[in-house]
Amino acid sequence: MIRLFDSVHGDVRELRLRESGRLSMYVCGPTVYDLPHLGHGRYTLVWDIARRWFSFQGLEVRYVSNITDIDDNIINRALRENSTEESVAAQFEQQWWDAMDLLGEMRPTDVPHATSYVDEMVELIAAMLDKGVAYRISDGIYFDVSTVSDYGLLAGQPLSSLRAGARIEANDEKRSPLDFALWKFAKPGEPRWQAPFGDGRPGWHTECVVMSLGLLGDGFDLHVGGFDLKFPHHENERAQAVAMGHDFARHWSHSGWVMVGGEKMSKSLGNFTSLTDMLSRVDARAYRLLVLRSHYRSPIEVTPDTIGDAQRALERLDALARRFDVPSLGGATFVRASEYDWEGEAKDLYEGVAAYLDEDLNTPLAVAQLFDAVSAANATADRGEIEHSRALAQAVTILFGALGLALRASNDHVDGESEELVLARDQARATKNWAEADRLRDELEQRGWVVEDSVTGTLIRRP
RNA sequence: GGCGGCGUGGCCGAGUGGUUAGGCAGGGGCCUGCAAAGCCCCGUACUCCGGUUCGAAUCCGGACGCCGCCUCCA
């Protein structure tokens, strides 16, 4: 049984699936008008980890994540760069997938693009107008939030108190400041789609509700995203669905944001770092480990310090993989618990980790237990019980693989000349010619290798 | 103003009413020809003030501080 925090009820509860054994989840994806930033990295890692774990535990997961490829920001950028919306979106979608690949994220099972669903959106908006839950003003079609009796469910506040806090928008024809755009009429030169109520483009909140319901259907299991999407984005998606008589998501869950210098990284503060840039400087796995080591709902500070810390912790894990030469798992493939025979300490480890992860994805505790197992495997091996500890080390690799973290045994390509130096050094050590052995080690290090001794002789790897 | 969260050892970061989180950094030792890796040991933390309790970092109340949402945002 998997339990997860539910944003509507504010507590951890059982994930009750629409269909036993199958989990349908929708993750709000990016608007592709700029390079992905650290916050995108965080939420995609969190939900990639969740998805992998659910799969590991035997669920068949359908994971839908959209690309918003039409939006004011895209239009503005195209205008500024004298380019087209299509070109801007294509360029940054490519950057997006490049970053996702570096982070070792599984591709979603479905990647709906907003521009491919405009017909369905127009249909929905027309129906909302018919039903009287939407209305027209000079610049577009708006949703009337007063038509949804429990509007504010996700915000955790009734409509009245939300309205009290809403900032006044100048010169507004809207009936309520909380009413939101379903459709924006095109101004001259702007991209447009035909619609009976006037040519234009869809609003963001409408895109996601159409794509999620379109692909996953009424009452799909789990809708997730970053905390900052909870309100108004998710509230508004839900409002549209409910207004039209649909059952929307059964569960909602939200991941914590990225902090920089004690403040939330955000568009308005302009304090964001591009993911693309960070990934060019560090091992992307360090970011995954950093995310794993804090709870998915907590904010995390992502700085060179915290990434460096994770990087060094990762080295300890890689050292284990090297020592026992266990195969790397996780990267581009799913790992499933049922594919392994769990026995003895490995079984205890799996069950312990599973207990933590099945209870609201407590990755920090799971990781702590895995690190304990690393120490145990090394200690056992130091006592000479190699095969015994290998089984435990393998379990560690499998479980990290289940979370998408591929531990790396040394599988660097060793060129012929380096190989000869290694053999020569082992020869020198065998005859206790330490001066020569050290000289050969220096030479290997100059070639960029890290040199370590083991029972089987000199081992070299890239740092 | 409304709603929500947080304040833990040098740093990051979990957690439970009483027993070691874990990682990184640091110190000591073991192993090793040396180094690296590894192992063992060490810091004895929980914003402050009250209260409940045999016992609270963990529950309750208050204070202070910080953060988020209520506006585009992951």
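Letters A, B, ... are given to chains in the order of the sequence lines, protein chains preceding strands, and every chain is numbered from 1. Just so it is clear, the structure is predicted and the values come from calculations on it, not from any experiment.
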Novice: Return the value, rounded to whole Å, for the distance between atom CZ of Phe272(A) and atom P of rA74(B).
Specialist: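 Distance, rounded to whole Å: 9 Å.
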
Novice: Classify the nucleic acid contact of Gly262(A) as base, sugar-phosphate or nothing, counting any heavy atom under 4.0 Å across all strands shown.
Specialist: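 Here Gly262(A) touches the backbone only, sparing every base.
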
Novice: For every nucleotide of nucleotides 29-39 of chain B, 5' to 3': is a protein heavy atom under 4.0 Å from its base (B), only from its sugar-phosphate (S), or from neither (-)?
Specialist: ----BBBBSBS

Novice: Could you tell me whether the side chain of Asn66(A) and the main chain of Gly29(A) form a donor-acceptor pair under 3.5 Å?
Specialist: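 Yes, Asn66(A) side chain to Gly29(A) backbone: donor-acceptor pair under 3.5 Å.
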
Novice: Checking ring pair (Phe, Tyr, Trp, His ring centres under 6.0 Å) for the pair Tyr26(A)/Tyr63(A): CA distance, chi angles, key distance, verdict?
Specialist: CA-CA 6 Å; Tyr26(A) 187 88; Tyr63(A) 184 99; 9.4 Å; no

Novice: With heavy atoms under 4.0 Å as the rule, sort Ser298(A) into base, sugar-phosphate or nothing.
Specialist: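 Sugar-phosphate contact only.
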
Novice: Can you tell me which stems RNA chain B forms, taking runs of 3 or more consecutive Watson-Crick or G-U pairs with both distances under 3.5 Å?
Specialist: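 B:1-7 with B:64-70, B:10-12 with B:22-24, B:26-30 with B:38-42, B:47-51 with B:59-63 - these are the stems of 3 or more pairs that involve RNA chain B.
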
Novice: Just to verify, which of Glu315(A), Glu445(A), Glu452(A) counts as forming a salt bridge (Lys or Arg N to Asp or Glu O under 4.0 Å) with Arg461(A)?
Specialist: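 That would be Glu452(A).
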
Novice: What's the NZ-P distance between Lys264(A) and rC67(B), to the nearest Å?
Specialist: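 For the pair Lys264(A) NZ and rC67(B) P, the rounded distance is 14 Å.
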
Novice: Between Arg201(A) and Asp71(A), does at least one N-O distance fall below 4.0 Å, as a salt bridge requires?
Specialist: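 Salt bridge absent between Arg201(A) and Asp71(A).
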
Novice: Expressed in whole Å, how much space separates the P atoms belonging to rU16(B) and rG5(B)?
Specialist: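 These two P atoms come out 16 Å apart once rounded.
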
Novice: Give the nucleotide from the list rG23(B), rA74(B), rC70(B) with an atom nearest to the side chain of Ala313(A).
Specialist: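 Nearest to the side-chain atoms of Ala313(A), counting from C-beta on, is rG23(B).
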
Novice: For nucleotides rG27(B) and rU19(B), find the distance between their P atoms and express it as a whole number of Å.
Specialist: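 My reading of the P atoms in rG27(B) and rU19(B) gives 30 Å.
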
Novice: Select base, sugar-phosphate, or nothing to describe what Ser294(A) touches, counting heavy atoms under 4.0 Å on all strands.
Specialist: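 Sugar-phosphate contact only.
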
Novice: Look for any protein N or O under 3.5 Å of an N or O in nucleotides 7-12 of chain B and output each such pair with its distance, or none.
Specialist:
none

Novice: For atom P, what is the distance between rA45(B) and rU58(B), given to the nearest Å?
Specialist: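 After rounding to an integer number of Å, I get 14 Å for this pair.
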
Novice: Report yes or no: do Ser7(A) and His254(A) form a side-chain donor-acceptor pair below 3.5 Å?
Specialist: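 Yes, a side-chain donor-acceptor pair sits under 3.5 Å.
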
Novice: Heavy atoms from C-beta onward define the side chain here; which of rG15(B), rC70(B), rC73(B) lies closest to that of Phe231(A)?
Specialist: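 The nucleotide sitting nearest to the side chain is rC70(B).
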
Novice: Would you name the heavy atoms of Arg408(A) and Asp283(A) that are closest together and state the gap between them?
Specialist: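 Residues Arg408(A) and Asp283(A), closest heavy atoms: NH1-OD2, 3.7 Å.
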
Novice: Please list, chain by chain and in numerical order, all residues satisfying ring pair (Phe, Tyr, Trp, His ring centres under 6.0 Å) with Phe143(A), sequence neighbours excluded.
Specialist: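 By the ring pair (Phe, Tyr, Trp, His ring centres under 6.0 Å) rule, Phe143(A) matches Phe180(A).
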
Novice: Find the distance between CZ (Arg13(A)) and CZ (Arg3(A)) and round it off to the nearest 0.5 Å.
Specialist: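 Taking CZ in Arg13(A) and CZ in Arg3(A), the distance rounds to 9.5 Å.
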
Novice: Taking only residues two or more places apart in sequence, or in another chain, which ones meet Phe56(A) in a ring pair (Phe, Tyr, Trp, His ring centres under 6.0 Å)?
Specialist: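 Ring pair (Phe, Tyr, Trp, His ring centres under 6.0 Å) check on Phe56(A) returns Trp53(A), Tyr350(A).
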
Novice: Who pairs with His251(A) by ring pair (Phe, Tyr, Trp, His ring centres under 6.0 Å), at least two apart in sequence or on another chain?
Specialist: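 Counting only residues at least two positions away or on another chain, His251(A) forms no ring pair (Phe, Tyr, Trp, His ring centres under 6.0 Å).
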
Novice: Nearest to the side chain of Arg312(A), which nucleotide is it out of rC72(B), rA25(B), rC73(B)?
Specialist: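 Nearest to the side-chain atoms of Arg312(A), counting from C-beta on, is rA25(B).
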
Novice: Give the rounded distance in Å between these two atoms: CG of Leu229(A) and P of rG68(B).
Specialist: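 My rounded result for the distance is 16 Å.
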
Novice: In terms of side-chain geometry, is the basic nitrogen of Asp48(A) or Arg52(A) positioned less than 4.0 Å from the acidic oxygen of its partner?
Specialist: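 Arg52(A) and Asp48(A): salt-bridged.
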
